[in-house]
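Below: one structure, written as structure tokens.
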There are 2 protein chains.
Amino acid sequence: MLGIGRLAAETGTKVPTIRYYEEIGLLPEPERTSGNQRRYAAAQVDRLRFIRHCRELGFPLNDIRALLDLSDNPGRSCDSADSIARHQLVEVERRLASLASLRQELSRMIENCAGGTVADCRVIETLADHANCISDRHGHQGPVTQVPGDQAPPP
Amino acid sequence: MLGIGRLAAETGTKVPTIRYYEEIGLLPEPERTSGNQRRYAAAQVDRLRFIRHCRELGFPLNDIRALLDLSDNPGRSCDSADSIARHQLVEVERRLASLASLRQELSRMIENCAGGTVADCRVIETLADHANCISDRHGHQGPVTQVPGDQAPPP
DNA sequence: GATAGGATCTCCAGTAACTAGAGCTTCAAG
DNA sequence: CTTGAAGCTCTAGTTACTGGAGATCCTATC
């Protein structure tokens with residue numbers, strides 16, 4: 001029976017994140033001490049590790065919910081686990097491709113910058129001129145690829 | 001002088017997004033008709049295209065703000081534009097690397113799945129067992145790579 | 001000039017996946 | 001029994017949008 005801090009340390013998760021997972025129902029409500037503090041059993045450690053591993057693989061929480069549901073019912077067919085994983089692989093490959101072309105444009109842009117002032121900066125110019133863009137000219141609609149939680153690693 | 005809908009169509013942006021950019025100060029407040037509707041001049045079309053192109057390249061809005069600031073002052077040195085772009089390139093390469101190892105684990109996982117029930121599903125098992133994980137065993141802290149706005153393309 | 005329709009307005013709320021802080025209480029070691 | 005770390009709840013903020021309600025406006029047709 002460990003406290004939330006120990007659980008956090010064991011699984012490489014932040015404490016508020018654990019409470020958040022509980023709040024959204026990914027982790028069951030644990031036992032509490034008489035003083036209302038959470039105490040976790042071994043099964044919860046495993047469950048949280050499962051969740052974290054899935055997150056590292058880029059699965060959204062909703063998929064993880066489905067995956068947990070499956071692993072809670074070992075008698076069921078694993079087809080849907082398989083298809084979730086396959087879908088995720090497709091996603092990952094899509095992102096890989098788009099990042100690769102993105103890298104190409106970025107590095108081409110940077111190579112061409114000779115310093116000097118903004119007036120003749122290739123970076124700004126390239127950015128302003130969509131015609132130089134490799135990536136999907138032919139109308140890609142929908143949201144732009146982004147990685148928001150991923151800017152500054154903590155100290 | 002075009003309305004917000006035309007601007008949206010010309011730049012491949014959604015109407016609420018344009019209003020959002022205005023709200024956060026990326027786009028200046030445009031002229032209005034007597035009936036309070038926005039009317040945009042050509043310069044704004046270019047500016048929005050610049051923003052969108054940057055977004056496609058994965059720049060966060062704050063960087064775009066800095067980039068726009070530079071392109072508004074062509075006399076300044078382009079060093080900071082260059083360093084923003086370089087930083088972005090580093091980010092992109094980091095994400096590429098992590099996605100690549102992620103893909104490897106996913107496809108290995110899927111390959112090993114022989115169908116059947118969850119009880120002997122390699123996917124679930126692999127997910128549950130972090131030991132099979134290639135990626136950073138040695139404590140990577142910080143948020144997990146994610147692509148939130150990027151799940152379901154609009155109809 | 002009236003009217004019908006689509007476009008636009010503002011405001012509010014919600015999304016994903018957390019993260020941070022305030023102000024208080026509890027636990028465990030000495 | 002004290003003290004300091006760890007925990008509690010609650011609220012609000014982050015990023016980059018997206019969606020809807022309910023009202024108003026613009027323009028084309030009759």
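Every chain is numbered from 1 and lettered A, B, ... according to where its sequence line falls, protein lines coming before strand lines.
Hydrophobic clustering, with ILVMFWY side chains joined whenever heavy atoms are under 4.5 angstrom apart, groups A/Ile24 together with A/Leu27.
For the pair B/Arg49 (side chain) and B/His53 (backbone), a donor-acceptor distance under 3.5 Å is absent.
Looking at B/Glu56 and B/Arg52, no side-chain N of the basic residue comes within less than 4.0 Å of a carboxylate O on the acidic one, giving no salt bridge. A salt bridge links B/Arg94 with B/Glu91; the closest basic N to acidic carboxylate O contact falls under 4.0 Å. At a threshold of 4.0 Å, the pair A/Arg6-A/Glu10 counts as salt-bridged, since one of the basic side-chain nitrogens sits closer than that to a carboxylate oxygen.
Taking only side-chain atoms of B/Asn36, from C-beta outward, the nucleotide of D/dC17, C/dT10, D/dT9 with the closest atom is C/dT10. Comparing D/dG7, D/dC17, C/dA20 against the side chain of A/Lys14 picks out C/dA20 as the nearest. Candidate nucleotides D/dC17, D/dC25, C/dA17 were compared by shortest atom distance to the side chain of B/Arg55, and D/dC17 ranks first.
The side chain of B/Arg38 contributes no N or O atom lying less than 4.0 Å from OP1 or OP2 of C/dT8. Applying the 4.0 Å criterion to OP1 and OP2 of C/dA17, one finds that A/Thr17 has every side-chain N and O outside that range. Neither OP1 nor OP2 of D/dC25 sits under 4.0 Å from any side-chain N or O of B/Thr33.
A/Leu7 has its CG atom 11 Å from the P atom of D/dC8, to the nearest Å. If you take CZ of A/Arg6 and P of C/dA28, they are 12 Å apart, rounded to a whole angstrom. When rounded to the nearest whole Å, the span between OH of A/Tyr40 and C1' of D/dC8 equals 12 Å. What separates CG of B/Leu2 from C1' of C/dT8 is a distance of 14 Å, to the nearest Å. Distance B/Glu56 CD to D/dA16 P: 15 Å, rounded to the nearest Å. The separation between A/Ile51 atom CD1 and C/dA16 atom P is 16 Å, rounded to whole Å. The nearest whole Å value for the distance from the CZ atom in A/Arg32 to the P atom in D/dC8 is 6 Å. In this structure, A/Met1 atom CE and C/dC27 atom P are separated by 15 Å, rounded to whole Å.
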- Task: Quick one: do B/Asp72 and B/Arg47 satisfy salt bridge (charged side-chain N to carboxylate O under 4.0 Å, His left out)? Show the steps, please.
- Result: CA-CA 10 Å; B/Asp72 287 342; B/Arg47 195 179 178 90; 3.3 Å; yes
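Checking B/Gln37 against B/Phe59, the closest nucleotide of DNA chain D that is more toward the 5' end is the one next to B/Phe59. Toward the 5' end of DNA chain C, the nearer of the two residues A/Gly35 and B/Val15, judged by each one's closest nucleotide, is B/Val15.
Among A/Glu22, A/Glu29, A/Gln44, the single residue meeting the side chain to side chain donor-acceptor pair (under 3.5 Å) criterion with A/Arg38 is A/Glu22.
A heavy atom closer than 4.0 Å to some atom of DNA chain C occurs in B/Arg19, these being the qualifying members of residues 18-29 of chain B.
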